[in-house]
Protein chains: 2
Amino acid sequence: MSIQNRRKRERAEREQLIVTAARELAETEGWDAVTTRRLAARIEYSQPVLYSHFKGKDAIMAAVAVQGCADLAVELRAARASATGTREALAAVAATYTSFARRRPALYDAMFTHLVDLPFATPEAPEALQAAFGEILRVVEPITGEDEDAGVLTETFWAALHGLVTLMRSGRLPEKAHETRLTLLVDHFSAR
Amino acid sequence: MSIQNRRKRERAEREQLIVTAARELAETEGWDAVTTRRLAARIEYSQPVLYSHFKGKDAIMAAVAVQGCADLAVELRAARASATGTREALAAVAATYTSFARRRPALYDAMFTHLVDLPFATPEAPEALQAAFGEILRVVEPITGEDEDAGVLTETFWAALHGLVTLMRSGRLPEKAHETRLTLLVDHFSAR
DNA sequence: CAGATTGGCTAGCGCTGCTAGAATCCTGAG
DNA sequence: CTCAGGATTCTAGCAGCGCTAGCCAATCTG
């Protein structure tokens, strides 16, 4: 019995090792550098071992994405907690969100840009993902109008943040005016 | 002289053929299906011919993207022209923008999602790109506040649209509430 | 200790973007 | 009309990709 337990534990550890290695490699050299060969070399196993844990490269990215969601949720929660007013909380969460995306671009891409077959807007979505969304929801709720749906408004606000981040990161929006754009967005959402 | 002219013309025609074939292939089967081999077969030339016109696959995508911008600019202009009030114009352009992205996802990706080394927020940006941005700018200008910059506000509004589109297309936002989100966005930007 | 089973590895498939060098075609001079 | 020279296009191949079939060794079971 205990032997199987140890085996299972070792497997889980190795799986975590893969996810961590993939994240680190992606964060330092970008996702293009995360090839199955390099990843296998990094964890000091052969390629096929990866496939005994994950269906394919996309599944590994998905696993990294889920962990990223947890990280993001933690940061957003802290931002929300440290802000006082409703508008301040919205601004703080927005700033933290975009900051996260800029500090950890590879992680952000795995979470929200790359095509990963994760369930998103359903109850089956990973817990960490729902937690991150929930943090945004909590600061959007207070600025939701009578005839508005807080969930849908949160989606809209989130999308706006996502757009700002991705367009800026790909060089389509100048970095210079980022703060201004963020302020404009928060203004237009919190003003009544 | 005339012979060189003919050659130049034929070269230009072939280049256009490549761009068109790439766009068609991408629109019917996605960018993953646009390999240099398939593209070469489609235009009935060998692979290296592509590289005598473009630096690489990315450059071909960039060329497709520029044409796509022209298409988008035309649609946005029509939408703007057919709307009456300021809020209606904003809503019409927003709806047309998201509609374009949903109708022609591959084209949209080449323009705004994929990494293409096109100059964007500079005077060197392709004319078609500036035209498309200008169309959005023109409907945002009237809703710009006293202490706001129309250009930056346009960037913000555009980013919001982009975020809505990309998150929805990747399955991260439910398609169902799209219209509602669009309305919310336009409301919050046009309301004073 | 012998046999069954699990698990990892080697090797390889079909594909990718891209390119060096051979082959072919066209042009313009004699 | 012929033919060298230059431009142009093609064949063939490189290195690397994601992924997998099948072998081999270590481990567990009776």
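Just so it is clear: chains get the letters A, B, ... in the order the sequence lines come, proteins before strands, and each one is counted from 1.
- Atom pair B/Asp32:CG and D/dC17:P shows a separation of 17 Å (rounding to whole Å applied).
- The phosphate of C/dG8 (OP1 or OP2) has no side-chain N or O of A/Ser46 nearer than 4.0 angstrom.
- In this structure, the NZ atom of B/Lys57 is 9 Å from the P atom of C/dT16, given to the nearest Å.
- A salt bridge is defined here as a Lys NZ or Arg NE, NH1 or NH2 lying under 4.0 Å from an Asp or Glu carboxylate O, and A/Arg181 with A/Glu175 fails to meet this definition.
- B/Lys55 has its NZ atom 13 Å from the C1' atom of C/dC18, to the nearest Å.
- Rounded to an integer number of Å, the gap from CD of A/Glu10 to C1' of D/dT27 is 13 Å.
- With hydrogens and angles ignored, no donor-acceptor pair under 3.5 angstrom links the side chain of A/Gln47 to the base of C/dC9.
- Comparing C/dG8, C/dT19, D/dC19 by their closest approach to the side chain of A/Tyr45 singles out C/dG8.
- Side chain A/Arg37 to base D/dG16: no donor-acceptor pair is found below 3.5 Å.
- When the P atom of C/dG17 is taken as reference, atom CE of B/Met61 falls 11 Å away, rounded to whole Å.
- In this structure, of D/dT9, C/dC18, D/dG18, it is C/dC18 that holds the atom nearest to the side chain of B/Tyr51.
- Residue A/Arg14 places its side chain closer to C/dG8 than to any other of C/dG17, D/dC17, C/dG8.
- Computed from coordinates, the A/Ile43 CD1 to C/dG8 P distance equals 10 Å when rounded to whole Å.
- Of all nucleotides listed (D/dG18, C/dG8, D/dT9), C/dG8 comes nearest to the side chain of A/Val49.
- The nucleotide whose nearest atom lies closest to any side-chain atom of A/Thr36 is, among D/dG18, D/dC10, C/dC9, D/dG18.
- Following rounding to the nearest Å, B/Phe54 (CZ) and C/dT19 (P) show an atom-to-atom distance of 15 Å.
- A straight line from CD of B/Glu44 to P of D/dT8 spans 21 Å, rounded to a whole angstrom.
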**Message:** Quick one, A/Val49 with A/Arg14, criterion side chain to side chain contact (heavy atoms under 4.5 Å, CB included). Give me CA distance, side-chain angles, the key distance, then yes/no.
**Reply:** CA-CA 10 Å; A/Val49 165; A/Arg14 195 173 61 180; 3.6 Å; yes

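- Note on B/Arg23 versus B/Glu27: salt bridge recorded, some NZ/NE/NH1/NH2 to OD/OE distance being below 4.0 Å.
- With hydrogens and angles disregarded, no donor-acceptor distance shorter than 3.5 Å links the side chain of B/Thr20 to the backbone of B/Leu17.
- Going from atom OG1 of A/Thr180 over to atom CG of B/Leu153 covers 11.5 Å, rounded to the nearest 0.5 Å.
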